[in-house]
Amino acid sequence: MLLIGSHVGFKKDTQLLGSLEEALSYGANTFMFYTGAPQNTMRYKIDNALTNQALEIMNEKNIDYSKVIVHAPYIVNLANADNLEKYNFAINFLKSELARCEELGIRNLVLHPGSHVGCGIDDGIKNIANGLNQILGNTNVTILLETMAGKGSEVGSKLEEIASIIELVEDKEHLGVCLDTCHLSDAGYDIVNFDSFLETFDKLIGLDKIKCIHINDSKNEVGAHKDRHENIGFGHIGFETLINIIYNEKLENVPKILETPYVDRLYPPYKYEIAMIKNKIFDKELLTKIRNN
Ligand code: FE
Ligand code: FE
Ligand code: ZN
């Protein structure tokens with residue numbers, strides 16, 4: 001069965017219940033959220049009553065909660081340890097984020113590997129692995145390293161870099177990978193021939209490590225290293241390639257999460273994009289329809 005959803009909000013007053021309701025309003029059967037704002041580390045106390053209400057509804061609707069994803073805020077950076085205070089803050093924050101996931105019963109936490117900001121890719125990889133060795137080891141949550149676009153000094157735009165991090169981490173059982181189609185394309189990977197990409201991935205890392213896929217089109221051409229997401233079918237990757245990836249049978253049980261931009265920064269596109277993905281027919285008027293609705 002296709003597991004499709006999008007990034008949704010997580011608000012102080014409604015928490016997991018609000019996130020679930022937003023996902024259901026899009027026709028999704030899975031979802032991803034940040035436990036607070038993606039760009040800061042301010043976090044609310046988890047309200048167990050709201051969590052339990054959400055769990056009950058998911059049970060009724062046959063939503064597999066073990067596949068629901070939390071995304072760590074993108075400002076925490078494990079790749080640079082020049083400023084030890086900042087590095088330790090990132091480690092401690094991620095420990096508390098794992099505890100929050102455990103409290104919510106969430107099993108998957110997506111993490112950007114980080115940016116080395118000048119210390120070089122090799123040290124960047126070591127810093128990330130060191131950090132993960134302090135964070136993992138005593139958790140039920142799996143951290144999913146996201147493949148990156150290679151913007152600035154980002155680590156993890158090459159599969160070899162992700163493989164090196166995994167190699168250095170002890171608790172490999174709790175380490176996985178999240179693919180992002182926009183990032184893969186921006187990093188220079190040919191995802192038109194997705195099966196041959198998966199073969200390469202399998203050799204370097206192992207297909208069983210893929211626990212989530214972010215489905216995004218890209219505003220830029222292959223290899224652009226820009227990381228600007230576009231609505232499904234409206235960018236340089238295109239509808240056909242994305243549909244091929246979404247319906248690839250090797251990834252059938254992996255949740256597919258849309259992180260496409262709001263239309264005119266106002267209207268969430270997910271209900272429409274999910275319907276279009278289920279139809280498998282590109283609607284070139286989609287954005288206009290969203291605007292006019
Ligand atoms: Fe991400
Ligand atoms: Fe992503
Ligand atoms: Zn991105």
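Both counts, for ligands and for their atoms, begin at 1 and track the order of listing. Model, not experiment: these values are computed from the prediction.
Contact check for His7 versus Tyr270: side-chain heavy atoms found under the 4.5 Å cut-off. You'll find the side chain of Tyr272 stays beyond 4.5 Å of the side chain of Val263, heavy atoms only. Two residues are said to be in side-chain contact when any heavy atoms from C-beta on lie closer than 4.5 Å; His112 and Met148 meet this criterion. Using a 4.5 Å cut-off on side-chain heavy atoms (C-beta onward), Glu230 and Pro261 make contact.
Other residues, nucleotides and ligands contribute at most 12 non-hydrogen atoms within 6.0 Å of the NZ atom of Lys12.
Using a 4.0 Å cut-off between charged side-chain N and carboxylate O, Glu103 and Arg100 make no salt bridge.
When all heavy atoms are compared, the tightest approach of Arg43 to Glu97 is NE-OE1, 3.8 Å. Contact detail for Ala90 and Leu78: the closest heavy-atom pair is CB-CD2, 4.0 Å. Lys209 and Leu175 make their closest contact through NZ-O, 2.8 Å (heavy atoms, listed as atom of the first residue, atom of the second, distance).
Distances shorter than 2.8 Å separate the Zn ion (ligand 3) from the protein N/O/S atoms His183 NE2, Asp227 OD1, His229 NE2. Listed by chain and number, the protein N, O or S atoms at a distance under 2.8 Å from the Fe ion (ligand 2) are Glu146 OE2, Asp180 OD2, His214 ND1, Glu259 OE1.
The N, O or S atom of His112 lying closest to the Fe ion (ligand 1) is NE2.
Distance check: Leu16 CG to Leu55 CG gives 6.5 Å after rounding to the nearest 0.5 Å.
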